[in-house]
Protein chains: 2
Amino acid sequence: MAKVKAQPLEDQLCFAIYKATNQYTKLYRKALEPFDLTYPQYIVLLALWESDHMIIKQLSEKLSLGIGTLNPIISKLVEKDYVTKTPSPMDKRSVVISLTPKGKNSEKTISEMISTKATECDSFTVFDHQFKLKLQELNTLLSHLNDLEEKK
Amino acid sequence: MAKVKAQPLEDQLCFAIYKATNQYTKLYRKALEPFDLTYPQYIVLLALWESDHMIIKQLSEKLSLGIGTLNPIISKLVEKDYVTKTPSPMDKRSVVISLTPKGKNSEKTISEMISTKATECDSFTVFDHQFKLKLQELNTLLSHLNDLEEKK
DNA sequence: ATATAATAAATCGTATACGATGTAAATGAG
DNA sequence: CTCATTTACATCGTATACGATTTATTATAT
């Protein structure tokens, strides 16, 4: 009977994704440095630019991040005057996260900078719609698998 | 002049990748629990199953991980008796990482478990060769971009 | 041969990321 | 209404992940 071998690292989807995230984080670290933002902090701002005044629970779902992860990121954003935390009037358990003027104004500057960076390399256009769709399929699948695990 | 808006979160490649990694980590956490391994620890083992006795520098390059990241992971693997650290005879600066018998034997068991998990959901087969190629292209591109940043 | 530079690890500080646990407020069953 | 359950958030412990600095060793230039 043949010995069971692991798949080579380079062939594994999970490794390719793992590597891509680390590279993205590295790349964004430099790009976001002038704004004193980390990549996850920027992700939270992206979510808020899309819809301001979400409660932490909503942010958590939109970003697929647990509260244990989100809380320190939000605290940093409060420190840096990008967002504020306000207790919700309707439900005293909830906390509403809102953009400060600085947080709102930064959308333009940061987005411009990011799009400049992106077009520095035309190759980005290589990553077409199909690829993104596949990635979304992958994420849906991973969510389902994680949900299944939850229920065990 | 129109106000510059950020791209919606869901449309951003970087976010899809970021999310996928988190989901993978979560999924593998459960799968690897019986072996007392984390996902990054498993990644290091994958690399060593492919070629044993690498020095830390080689591992670092193969995994695109810095030494600051790799060192605590390797230390954990040593603690758990999966690998050993030996100073290289040729170059006293280098440290060779080798699989212990436990590390070698675990390849079969872990790989079998992983492939069982993978086939739990046929949808994985949806992620074809083309998708992986694209992802590799993306990683190559990200590497180049990071290299360019280095040189600034 | 020696001073200098480059390299491989180790260590430290900051920031995620997740599960587990704790707490207060809201919900629901009787 | 009251008590058990659920929910939203906070906190803690463990494990990455990266850049910066330090240390020991090797390579190199003169």
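Naming convention: chains lettered A, B, ... in sequence-line order (proteins, then strands); numbering from 1 in each chain. Scope of the values below: all heavy atoms of this structure, side chains included, with no hydrogens, waters or symmetry mates. Model, not experiment: these values are computed from the prediction.
DNA chain C is contacted by both A:Asp91 and A:Thr21; A:Thr21 maps to the nucleotide lying nearer its 5′ end (nearest heavy atom per residue). Along DNA chain C, the nucleotide nearest A:Ile73 and the nucleotide nearest A:Pro89 are compared for position; the residue whose nucleotide lies closer to the 5' end is A:Ile73.
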Next on the checklist: Would A:Ser88 and A:Ser94 count as a side-chain hydrogen bond (donor to acceptor under 3.5 Å, both in side chains) here? Give the steps.
Outcome noted: CA-CA 5 Å; A:Ser88 168; A:Ser94 302; 5.0 Å; no
Item to check | Test side chain to side chain contact (heavy atoms under 4.5 Å, CB included) applied to B:Lys85 and B:Val96, step by step | outcome: CA-CA 6 Å; B:Lys85 290 170 76 165; B:Val96 178; over 6 Å; no
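Summarising the geometry, the separation between CD1 on B:Ile97 and C1' on C:dA9 is reported as 10 Å, rounded to the nearest angstrom. Between A:Glu79 atom CD and C:dA15 atom C1' the separation is 12 Å, expressed in whole Å. D:dA17 atom C1' lies 17 Å from atom CD1 of B:Ile17, rounded to whole Å. As rounded to whole Å, 16 Å separates atom P of C:dA15 from atom CD1 of A:Ile74. In this structure, A:Lys92 atom NZ and D:dT6 atom C1' are separated by 18 Å, rounded to whole Å. Counting to the nearest Å, the P atom of D:dG19 and the CG atom of A:Asn22 are 10 Å from each other. Summarising the geometry, the separation between CG on B:Leu32 and P on D:dT16 is reported as 11 Å, rounded to the nearest angstrom. Atom NZ in A:Lys62 sits roughly 20 Å away from atom C1' in D:dA8 (whole-Å rounding).
No side-chain donor-acceptor contact under 3.5 Å links B:Glu61 to the backbone of B:Gln58.
For the pair B:Asp52/B:Lys104, a side-chain contact is recorded, criterion being any heavy-atom separation below 4.5 Å from C-beta on. Counting heavy atoms from C-beta outward, B:Val44 and B:Tyr82 have side chains that stay 4.5 Å or more apart.
Classification of A:Lys102 and A:Glu107 as a salt-bridged pair fails, no side-chain N sitting under 4.0 Å from a carboxylate O. Look at A:Arg29 and A:Glu33 and you find no salt bridge, because none of the NZ, NE, NH1 or NH2 atoms lies under 4.0 Å from a carboxylate O.
Checked against a 6.0 Å centroid threshold, the rings of B:Tyr42 and B:Tyr28 count as neighbours. Remark: aromatic rings of A:Tyr39 and B:Tyr18 are close, center separation under 6.0 Å.
For B:Tyr18 and C:dT16, the shortest distance from a side-chain N or O to OP1 or OP2 is not below 4.0 Å.
Nucleic acid contact class of A:Leu70 (heavy atoms, under 4.0 Å, all strands): none.
Contacts between residues 33-52 of chain B and DNA chain D, defined by a heavy-atom separation under 4.0 Å, are made by B:Thr38, B:Pro40, B:Gln41.
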Identify each atom pair where a protein N or O and an N or O of nucleotides 9-14 of chain D are less than 3.5 Å apart, giving names and distance.
| unit_1 | atom_1 | unit_2 | atom_2 | d |
| --- | --- | --- | --- | --- |
| D:dC9 | OP1 | A:Ile56 | N | 3.3 |
| D:dC9 | OP1 | A:Val95 | N | 2.8 |
| D:dC9 | OP1 | A:Val95 | O | 3.4 |
| D:dC9 | OP2 | A:Lys57 | N | 2.6 |
| D:dA10 | OP1 | A:Lys85 | NZ | 3.2 |
| D:dA10 | OP2 | A:Asn71 | OD1 | 2.8 |
| D:dA10 | OP2 | A:Asn71 | ND2 | 3.1 |

